[in-house]
Amino acid sequence: MIDIKRLRQDPDGTRAALARRMDPSAIATFDRILDLDRRRREILVRAEALKAERNAATEEVAKLKRAGAPADALLASLKVSADAVKALDADLRAVDEALEPELLTVPNLLLPDVPDGDVTHNRVMHTWGEIPRFAFTPKPHWDLGEALGILDLANGAKVAGSGFPILRGMGAKLVRALANFMLDLHTREHGYEEVAPPYLVNRASMQGTGQLPKFGDELYTVEADGLYLIPTGEVPLTNIYRDTILDASSLPVAVCAWTPCFRREAGAAGKDTRGMIRVHQFDKVELVRLCRPEDTEAQHELIARQAETVLERLELPYRRLALAAGDTGFHSARTWDLEAWAAGVGTWLEVSSASTFTDFQARRAGIRFRPSPGARPEFVHTLNASGLAFPRTIIALLENNQEADGSVRIPGALAPYLGTDRLVARA
RNA sequence: GGCGUGGUGGCCGAGUGGUUUAAGGCAGCGGUCUUGAAAACCGCCGAACCGGAAACGGUUCCGUGAGUUCGAAUCUCACCCACGCCGCCA
């Protein structure tokens, strides 16, 4: 949620900042908000003045009653003003109910260094590693996975549907190995607390991190209980701190979790349907950090580096991409995607997305800290990064490390977790 | 799922219609005293919003929402959560 005071004080600047997102509906929303806010304050001032009068008169009644004097005349006039207060409160509620959903659908303001333009203006910040060369035509992961007996797409589709791959045998163990490898790295070397959070969350949590009300189409819902399956570990991890005032000494907060993620991919029908590039359920290790506003820049670089460290240990070539304004997510102020090279499909795949949300989520979720004892609470800044998403990491591992005989080499950092340094095709 | 008890400020806890601007305590902050610290004593000590250049003033908030009333932490209804017992169950 953006700061309505900022919007009120600098409407032109805010409108220009929103225009960078190239979303015309955001501007329309913005103008409706200005109008509603004006009306809200008009009514509020009148209602509060009337209530102040009423409170003074009510106190008079209390005094008279205590003195044993009659208060009938005063009571009669209070009855009239009570009705007026009720009417104004009803008006106020109506305006608030119109204003809130509008405010919740305004995207975050972008940081100044976010490149202007649409998705074609995403900028490569740096690249790491060597893109592997092959003496043969490298196979895509769906061929490799089936041949190795670790990926069973057909039965996944039978059991649940398209987009629900089954990993089995060494494939299932690979998931477990990746989880242990990543969690060990982040807890032992990067200072994260490991969390095993709920995978179903309530509406307030989805609204706190920004998935609702705007992106309900993307979520799987459990209607009978008013719950939602998490699309990312970011949701439960960040909402642990919803409606709390943190002690300054506890910042930065750093928590991580291995969770499944559930996404309907409603807007992506027909895209990446082959293999497991885009699926409805996948595992991911997620990193979440909460920090003081002045630390955002350093923390964003830090969390991105921590995700990159995973790729480097796995010996996967990758690049960091600064997303352009038009490609940056609704709640993000700046996002850097990490893309791993996948030799079989011959493309870069997003395996992590490192974002700072500035105070956008903190404002929605009421996550604050007290800068010093006795000082007024301020909103923290929230950041997150995948570290990493499993299916595409597996795709890159299989496709980049394949050999002519169909076997796959496992990088040294992962081999102890998997119990082997090579996956071999079934006879 | 059933019955019962309860939800009050950072924490504990009093408060059953009108001096509640929520008693008291703990923690925290400032001060007196002290070579320093502790103790003792004194003062300060919640959040959001609105008006205002500021000083300051006002409104709202006692789990959430609706209601009764001139006036609600206090009364009514619904819901949520916690704890206990029973039932069911990995």
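Chain letters run A, B, ... following the sequence lines, proteins first, then strands; residues in each count from 1. Atom set for the values below is all heavy atoms of this structure, side chains included, hydrogens, waters and symmetry mates excluded. As the structure is a computational prediction, the values presented were derived from the model and not from experiment.
The pair A:R363-A:D3 meets the salt-bridge criterion, with a side-chain N (NZ, NE, NH1 or NH2) lying under 4.0 Å from an Asp/Glu carboxylate O. Using a 4.0 Å cut-off between charged side-chain N and carboxylate O, A:D37 and A:R8 make a salt bridge. Under the 4.0 Å criterion applied to side-chain N and carboxylate O atoms, A:R292 and A:D295 are not assigned as salt-bridge partners.
Per the geometry, CG belonging to A:D89 stands 14 Å off C1' belonging to B:rG71, to the nearest Å. Protein atom CE of A:M1 is 13 Å distant from nucleotide atom P of B:rA48, rounded to whole Å. When rounded to the nearest whole Å, the span between CD1 of A:I4 and C1' of B:rC50 equals 12 Å. In this structure, A:Q9 places its CD atom 10 Å from P of B:rG51, rounding to the nearest Å. In this structure, A:D225 places its CG atom 16 Å from P of B:rC79, rounding to the nearest Å. The separation between A:E100 atom CD and B:rC49 atom P is 14 Å, rounded to whole Å. If you take CG of A:D243 and P of B:rA48, they are 12 Å apart, rounded to a whole angstrom. In this structure, A:L50 atom CG and B:rC50 atom C1' are separated by 15 Å, rounded to whole Å.
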Candidate pair A:Y192 and A:L185, rule side-chain contact (heavy atoms from CB on, under 4.5 Å), full reasoning: CA-CA 9 Å; A:Y192 283 81; A:L185 173 64; over 6 Å; no

Criterion side-chain contact (heavy atoms from CB on, under 4.5 Å) on A:L316 and A:T393, from CA distance to verdict: CA-CA 9 Å; A:L316 293 173; A:T393 301; 4.1 Å; yes

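Proximity of A:R368 to the phosphate of B:rG10: no side-chain N or O atom is located under 4.0 Å from OP1 or OP2. Put simply, A:R370 has no side-chain N or O that comes within less than 4.0 Å of OP1 or OP2 on B:rG10. Side-chain N/O atoms of A:R363 include none lying less than 4.0 angstrom from OP1 or OP2 on B:rA48.
With a 3.5 Å ceiling on both atom-pair distances, the Watson-Crick or G-U wobble partner of B:rU76 is B:rA66. The nucleotide B:rA39 finds no pairing partner, because no Watson-Crick or G-U wobble arrangement with both distances shorter than 3.5 Å includes it. Base pairing of B:rG1: its partner is B:rC86, meeting the Watson-Crick or G-U wobble criterion (both donor-acceptor distances under 3.5 Å). Remark: B:rG57 base-pairs with B:rC50. Criterion, Watson-Crick or G-U wobble with two distances under 3.5 Å. Across the strands present, B:rA23 finds no partner; the criterion is a Watson-Crick or G-U wobble pair with both atom distances under 3.5 angstrom. Pair assignment for B:rC33 gives none, since no Watson-Crick or G-U wobble pairing has each distance under 3.5 Å.
The closest side-chain heavy-atom distance from A:D283 to A:T259 is not below 4.5 Å. Proximity of A:L398 to A:L423: side-chain heavy atoms (C-beta onward) are separated by under 4.5 Å at one or more points.
Here A:R40 lies in heavy-atom contact (under 4.0 Å) with sugar-phosphate atoms only.
A gap of 15 Å separates the C1' atoms of B:rA72 and B:rG65, to the nearest Å. Taking the C1' atom of each, B:rG58 and B:rU21 are spaced 13 Å apart, rounded to whole Å. Of the P atoms belonging to B:rG7 and B:rC75, the separation is 11 Å, rounded to the nearest Å. Comparing B:rA73 with B:rG17, their P atoms are spaced 13 Å from each other, to the whole Å. A gap of 9 Å separates the C1' atoms of B:rC33 and B:rC41, to the nearest Å. Nucleotides B:rC81 and B:rU69 are separated by 29 Å at their C1' atoms, to the nearest Å. Taking atom C1' in both B:rU16 and B:rC62, one finds a spacing of 14 Å when rounded to whole Å. Only the C1' atoms considered, B:rA37 is 15 Å distant from B:rU32, to the nearest whole Å.
Here B:rA66 is the nucleotide among B:rC49, B:rA47, B:rA66 with the atom lying nearest to any side-chain atom of A:R93.
Of all non-hydrogen atoms in A:D89 and A:K51, the two that sit nearest each other are OD1-NZ, 3.2 Å.
Taking the six-membered ring for Trp, A:F360 and A:F330 have ring centres closer than 6.0 Å.
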List, with names and distances, any nitrogen or oxygen atoms from the protein found under 3.5 Å away from nitrogen or oxygen atoms belonging to nucleotides 52-63 of chain B.
residue: B:rG58; atom: N2; partner: A:E48; partner atom: OE1; Å: 3.1
residue: B:rG58; atom: N2; partner: A:E48; partner atom: OE2; Å: 3.3
residue: B:rU59; atom: OP1; partner: A:N55; partner atom: ND2; Å: 3.2
residue: B:rU60; atom: OP1; partner: A:R54; partner atom: NH2; Å: 3.2

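Toward the 5' end of RNA chain B, the nearer of the two residues A:I245 and A:K86, judged by each one's closest nucleotide, is A:I245.
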